[in-house]
Amino acid sequence: MTRARLNAELVEEGSSRDALLRDLGEMRDLITDLLESERLAQRHQALNLEALDWRALLTQAVQGCARPDTVHLSLEGPIPASLGDRTRLSLLLRNLIDNALRHGAGTPVEVHGACTAQAVTLTVRDHGPGVTAEQLAHLAEPFYRTDAARGRATGGVGLGLHLCRLVAEAHGGTLQFARTEPGLKAIVTLPVMAAQSAGPASA
């Protein structure tokens, strides 16, 4: 892929070159996502666990998205530090927020964090047109995209939400979706893993 991209850079500038570079970029992203899916299939063996500052992690995810001014972050009480894979959980949050922005039809996106003694719950909600009941049943399946997301301009190949589900499950948690009026809500529930109760992290 790297050699192909370097050769494509030598092509005369124009729409054909742009299309080629775009296709190569999509192929690179697809390969990266497929490799990450395979690693996450190993569940906890794929995780690099460390103590997390959830407030900082959520804040960074919001600030790093495409339109942070349209994303509203709220935290329900203190969320104590717990173990998790910072890189993978950042990927999960980024994908969920980007998905909400992409399909929210320009409406604000709400990101909410809450914690009990047993679990951390993260929700990402948009106020867009939402999905049908049939589409809801297939969200997070590999390579599945709703009809509204099939245009190339939206990007992606249907692996983003699937990776989010794998990240949640690798942490012993779940990813669920719920239709709202209006919009769609993604709900991530992760068990609290205290540092003193966990073994050494696996690479």
Side-chain angles (χ1 to χ4, degrees), residues 36 40 43-44 46-133 135-140 146 160-199 201:
E36 181 66 1
L40 287 170
R43 305 259 175 181
H44 63 283
L47 300 181
N48 298 306
L49 299 178
E50 60 181 293
L52 299 177
D53 180 340
W54 282 102
R55 181 180 294 274
L57 192 68
L58 288 163
T59 300
Q60 290 168 4
V62 170
Q63 292 177 343
C65 73
R67 300 196 303 276
D69 55 315
T70 64
V71 180
H72 304 299
L73 172 62
S74 61
L75 299 174
E76 185 177 328
I79 302 181
S82 64
L83 288 179
D85 187 313
R86 181 185 308 276
T87 300
R88 266 67 180 243
L89 289 170
S90 294
L91 170 70
L92 178 151
L93 289 168
R94 184 170 65 250
N95 281 350
L96 291 180
I97 293 172
D98 286 347
N99 186 74
L101 288 170
R102 187 180 303 120
H103 302 298
T107 62
V109 169
E110 298 173 2
V111 178
H112 181 73
C115 185
T116 66
Q118 293 77 35
V120 175
T121 302
L122 311 171
T123 60
V124 179
R125 179 193 172 177
D126 66 62
H127 294 76
V131 298
T132 66
Q135 291 169 335
L136 184 70
H138 296 287
L139 293 180
T146 62
L161 295 182
H162 177 60
L163 283 174
C164 290
R165 187 183 72 183
L166 291 178
V167 170
E169 291 177 349
H171 283 81
T174 60
L175 169 62
Q176 298 175 310
F177 297 93
R179 298 167 68 194
T180 58
E181 293 295 337
L184 178 72
K185 179 187 291 186
I187 307 160
V188 180
T189 304
L190 303 171
V192 171
M193 293 189 288
Q196 62 269 25
S197 64

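Nothing here was measured: the structure is a model prediction, and the numbers come from that model. For this chain, numbers begin at 1 and follow the sequence in order.
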Legend entry - Residue list, salt bridge (charged side-chain N to carboxylate O under 4.0 Å, His left out) with Arg86, at least two apart or on another chain: Glu50
Please name the pair of heavy atoms, one in [X] and one in [Y], separated by the smallest distance, quoted to 0.1 Å.
X      : Y      : result
Cys115 : Pro80  : SG-CD, 3.7 Å
Thr107 : Gly128 : OG1-N, 3.7 Å
Ala105 : Pro129 : CB-CD, 4.2 Å
Val124 : Ala100 : CG1-CB, 3.9 Å

Inset, instruction - May I ask you to decide if Leu83's main-chain N or O and His171's side chain share a donor-acceptor pair within less than 3.5 Å? - result: no
Pair up each side-chain donor or acceptor in residues 56-72 with any protein partner under 3.5 Å, not counting sequence neighbours, and list the distances.
{"residue": "Thr59", "atom": "OG1", "partner": "Arg55", "partner atom": "O", "Å": "2.8"}
{"residue": "Arg67", "atom": "NH2", "partner": "Leu101", "partner atom": "O", "Å": "3.3"}
{"residue": "Thr70", "atom": "OG1", "partner": "Arg67", "partner atom": "O", "Å": "2.8"}

Distance, nearest 0.5 Å, that separates [atom1] of [X] from [atom2] of [Y]:
X      : Y      : atom1 : atom2 : result
Cys164 : Leu139 : SG    : CG    : 11.5 Å
Asp98  : Leu93  : CG    : CG    : 10.5 Å
Leu92  : Leu190 : CG    : CG    : 7.5 Å

Legend entry - Steps toward side-chain contact (heavy atoms from CB on, under 4.5 Å) verdict (Leu89, Val188): CA-CA 11 Å; Leu89 289 170; Val188 180; over 6 Å; no
Less than 4.5 Å apart, any side-chain heavy atom of [X] and any of [Y]?
X      : Y      : value
Arg88  : Asn48  : yes
Trp54  : Leu122 : yes
Glu110 : His127 : yes

Inset, instruction - Could you tell me which residues satisfy side chain to side chain donor-acceptor pair (under 3.5 Å) with Thr180, sequence neighbours excluded, listed by chain and number? - result: Arg125
Under the side-chain contact (heavy atoms from CB on, under 4.5 Å) rule, collect the residues that match up with [X], sequence neighbours excluded.
X      : value
Ala186 : Leu96, Leu175, Phe177
Ala114 : Glu76, His112
Thr121 : Thr123, Ile187, Thr189

